[in-house]
A.B. asks: 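First the structure, then my questions, so here it is.
We count residues from 1, following the sequence as given.
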Amino acid sequence: MESARYPLHQENTIKRHRYGGAGWLVWGRIILGSRTDLHVQSVTMKGTIYRDVFLEQYVRLFRGAMGAEFLFMDDNARPHHANIEDECLQSEDITRMDWTAYSPDLNPIEHVWDMLGRRIAARQPSPICLPELWRALLDEWRNIP
């Protein structure tokens, strides 16, 4: 929303591409100086998908490997804070890091997502269809230092 107090300046805006409006779940994890593979699925993120795919299959197992000192940090997206996520984390005795919502500067993965987005936007030629975007995401993720 533009107002006299907060005018929209071109240098502060980013053109977004919706790639046909398809819903994709794109996620990866960073920890201790490394990263996992990037996962791309053709679904829209919902709380049940987040719990079933991410928390149950990865976070729970990783917490088991790391032990009681494990502290989980997510990106504060709305589906990550539904009751079913809280119940899942509590049932597995997983502590979620408490931090302010909408504070991307406090979350290192947000900087990685920004870098990935910039690398995709800089590709020549730009991806023009979903399969090209999918390949570009995987290529750029692997090439992030």
A.B. asks: With rounding to the nearest 0.5 angstrom, report the CD1 to CE distance, I30 to M73.
C.D. replies: 9.0 Å
A.B. asks: Look up atom CH2 in W141 and atom CG in D37, then write down how far apart they are to the nearest 0.5 Å.
C.D. replies: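 Result: 9.5 Å between the selected atoms.
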A.B. asks: When you compare the side chain of T95 with that of F72, does any pair of heavy atoms fall below 4.5 Å?
C.D. replies: no
A.B. asks: Is the side chain of R119 donor-acceptor paired with the backbone N or O of L137 at a distance under 3.5 Å, no angle test?
C.D. replies: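 Not at all, since once roles are kept as given, no pair shorter than 3.5 Å links the two residues.
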A.B. asks: With the threshold set at 4.0 Å, does a side-chain nitrogen-carboxylate oxygen contact exist between D114 and R118?
C.D. replies: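 Yes, D114 and R118 are salt-bridged.
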A.B. asks: Between I120 and L133, which heavy-atom pair has the shortest distance, and what is it?
C.D. replies: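 For I120 and L133, the tightest heavy-atom pair comes out as CG2-CD1, 3.9 Å.
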A.B. asks: When rounded to the nearest 0.5 angstrom, what is the spacing between CG in L55 and CZ in R60?
C.D. replies: 10.5 Å
A.B. asks: If you measure from the Lys or Arg side-chain nitrogens to the Asp or Glu carboxylate oxygens, is any gap between R63 and D93 under 4.0 Å?
C.D. replies: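 Counted as a salt bridge, because a side-chain N and a carboxylate O are separated by less than 4.0 Å.
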A.B. asks: What are the two closest non-hydrogen atoms of P127 and E132, and how far apart are they?
C.D. replies: CA-OE1, 3.5 Å
A.B. asks: Between L38 and L130, is there shared hydrophobic-cluster membership here, with clusters defined by ILVMFWY side-chain heavy atoms closer than 4.5 Å?
C.D. replies: yes
A.B. asks: Look up atom CZ in R96 and atom CD in Q90, then write down how far apart they are to the nearest 0.5 Å.
C.D. replies: 9.0 Å
A.B. asks: Salt bridge between E140 and R123, side-chain N to carboxylate O under 4.0 Å?
C.D. replies: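 Answer for the salt bridge query: yes.
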A.B. asks: The criterion is ring pair (Phe, Tyr, Trp, His ring centres under 6.0 Å); which residues satisfy it with F70, sequence neighbours excluded?
C.D. replies: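 Here the qualifying residues are F62.
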A.B. asks: Starting at OG of S91, measure out to CD of E56 and round the result to the nearest 0.5 Å.
C.D. replies: 6.5 Å
A.B. asks: How many angstroms lie between atom CD of E92 and atom CG of L61, to the nearest 0.5 angstrom?
C.D. replies: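 These two atoms lie 8.5 Å from each other.
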